[in-house]
Undergrad: 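Once you've had a glance at the structure underneath, I'll fire off some questions.
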Amino acid sequence: MDVLYFAWVRERIGIPKERVDSSAATVMDLVNELRAREDRYAAAFEDVSALRVAIDQELADFDAPLDGVREVAFFPPMTGG
Amino acid sequence: MDVLYFAWVRERIGIPKERVDSSAATVMDLVNELRAREDRYAAAFEDVSALRVAIDQELADFDAPLDGVREVAFFPPMTGG
Amino acid sequence: MRIAVQTAPFDLGDEAARFASAQSHSGAVVTFTGVVRDVSGGLQAMEIEHYPGMTERALTDIAQQAMDRWSLEDALVIHRHGTLTVGEQIMMVATAARHRKDAFEAAEFLMDYLKSRAPFWKREVTGDGEAWVAARDEDEDALKRW
Amino acid sequence: MRIAVQTAPFDLGDEAARFASAQSHSGAVVTFTGVVRDVSGGLQAMEIEHYPGMTERALTDIAQQAMDRWSLEDALVIHRHGTLTVGEQIMMVATAARHRKDAFEAAEFLMDYLKSRAPFWKREVTGDGEAWVAARDEDEDALKRW
């Protein structure tokens, strides 16, 4: 699936988007896989309560299943308007 | 004092403004004096709960005193905006 | 703070743009515009009578109350009188504040007071004749929240 | 209903006038405009990042919710992204309804949801560096009233 990062999550990880081959069952499983990769991921995902996630461009929860998902995005709380 | 009429009060009485010499102590006393004049006044002031009054261009109550007042206006509830 | 009582049409776009660009500290600008609408069909004109002198005083007083009560940088009230046709703009208010909550609340306050406390009276002209618009209980009730 | 996500500036006056004149049944038009402000001094630019694709979906969904929930004739949302300077207009919403209560409430609803549910992120650039704007608890709390 495609994994996207925005705002300071993008800055900490250093890339806006990457292809991730994962068999993670839920968003939180994916977060744990990413955390284990490198320090920059561990830093970005240090506190998931400070993050939001979207699955296929809809806001979702961290316990949401990833079955059949094409795109997951991680970002801080939004500050539009 | 000057007495002004607006909207349907003006239409019923037939004039927008007149000079009234009155020793009425309150607005309600003035209303009763006007009612006694002619049918058109009695018709306009038939139900004062349907009317509003301004004294010297400020909204007031019907029991307000008229001592020193230069201008009294009668009109229906306002419908601006 | 600007209060205008006039027969001439105004341009919502021009007024809104000018008002917003005059603010140097405000992140939030709210405008409300009232337009003549033909609710029951057959409206030929809307005639608006007012009380010269008192109108300006009442609008200034209402706008000053809004400035005192909310953290506003500025407020604008324009209200027309005379004869208007369907689609014409009757009036507008605008508020500018640092935060949107102040700008929204103050604009609603201005509208609620202007509806029931500023001396304007509307008359609808249709093919069947003319009729004064009756005040609505809900407009009077709207004042109670402030 | 129109949703626009763009880097280009927009003209509040033109947009407000065009929106209002397109309505045939609405007596009430409300607009909200957000302007870049320099709260603590020294702001050189405001950079706005967004999530292409999701942004349009989220704004369309929020506007459709407003249309379904209130008696609106129309709604407009314009939101810019990219680099903006102090005084520039960031975004606007507009609502049109027969009654002012619907127009005001729907505009506030649009703003509350757009603030916390549309994927935009602001970064302030000052002489001291750059900092992401933190989400405010009160913006999240504002959603609870709807």
Side-chain angles (χ1 to χ4, degrees), chain B residues 1-20 22 26-28 30-31 34 39-81, chain C residues 3 5 32-37 46-62 77-82 84 89-93 107-124 129-143:
Chain B
M1 76 195 89
D2 289 323
V3 181
L4 284 69
Y5 310 111
F6 291 96
W8 57 254
V9 182
R10 171 180 55 70
E11 290 181 327
R12 284 194 196 171
I13 293 175
I15 50 172
K17 184 175 177 176
E18 64 184 315
R19 182 92 201 153
V20 173
S22 165
T26 67
V27 173
M28 201 60 220
L30 175 64
V31 167
L34 293 168
D39 283 353
R40 57 194 171 108
Y41 288 95
F45 290 107
E46 188 179 7
D47 175 13
V48 292
S49 76
L51 295 181
R52 300 289 179 267
V53 61
I55 294 180
D56 289 337
Q57 305 189 351
E58 299 263 7
L59 286 171
D61 294 322
F62 280 82
D63 57 6
L66 290 180
D67 192 37
V69 164
R70 296 178 311 278
E71 185 172 303
V72 178
F74 295 101
F75 41 79
M78 294 156 274
T79 54
Chain C
I3 307 297
V5 181
F32 177 92
T33 311
V35 182
V36 178
R37 65 171 194 264
M46 171 81 81
E47 295 175 354
I48 302 176
E49 182 171 335
H50 81 122
Y51 182 171
M54 178 171 169
T55 308
E56 292 78 0
R57 288 175 64 148
L59 293 179
T60 302
D61 178 58
I62 293 165
V77 179
I78 303 174
H79 205 303
R80 295 176 63 191
H81 57 97
L84 284 71
Q89 289 157 7
I90 304 173
M91 49 72 61
M92 75 175 283
V93 305
E108 290 189 76
F109 171 91
L110 284 173
M111 284 308 304
D112 285 349
Y113 269 82
L114 192 153
K115 278 262 168 194
S116 304
R117 292 292 180 270
F120 291 99
W121 300 275
K122 292 198 188 97
R123 183 160 65 167
E124 292 181 340
E130 303 177 352
W132 292 99
V133 173
R136 302 190 312 165
D137 288 342
E138 61 200 271
D139 283 332
E140 189 66 29
D141 290 346
L143 300 182

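So you know, we letter chains A, B, ... as the sequences are listed, proteins then strands, and number each from 1. All values below come from the heavy atoms of this structure, side chains included, with hydrogens, waters and symmetry mates left out.
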Undergrad: Taking 4.5 Å as the heavy-atom cut-off, does anything in residues 47-58 of chain B contact chain C, and if so which residues?
TA: B:A54, B:D56, B:Q57, B:E58
Undergrad: Find the one option among C:E140, C:R123, C:R136, C:M111 whose heavy-atom pairs under 4.5 Å with chain B are most numerous.
TA: C:R123
Undergrad: Quick one: what part of C:A134 sits under 4.5 Å from any heavy atom of chain B, side chain, backbone, both or neither?
TA: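 Answer is backbone: N, CA, C or O of C:A134 sit under 4.5 Å from chain B.
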Undergrad: If you draw a 6.0 Å radius around CD in B:E18, do more than 12 non-hydrogen atoms from other residues or ligands fall strictly inside?
TA: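 Check passes, neighbour count above 12.
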Undergrad: Drop me the distance from C:E130's CD to B:E11's CD, to the nearest 0.5 angstrom.
TA: 7.5 Å
Undergrad: So which part of C:R117 gets closer than 4.5 Å to some heavy atom of chain B, the side chain, the backbone, both or neither?
TA: both
Undergrad: Which heavy atom of B:F6 sits nearest to which heavy atom of C:H50, and what is that distance?
TA: CE2-O, 3.3 Å
Undergrad: Are there residues of residues 71-81 of chain B that reach to under 4.5 Å of chain C by heavy atoms, and which ones?
TA: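 At a heavy-atom separation under 4.5 Å, chain C is reached by B:E71, B:A73, B:F75, B:P76, B:P77, B:M78, B:T79, B:G80, B:G81.
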Undergrad: Would you mind checking which part of C:I48 comes under 4.5 Å of any heavy atom in chain B, side chain (CB onward), backbone (N, CA, C, O), both or neither?
TA: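 Contact with chain B: none, neither part.
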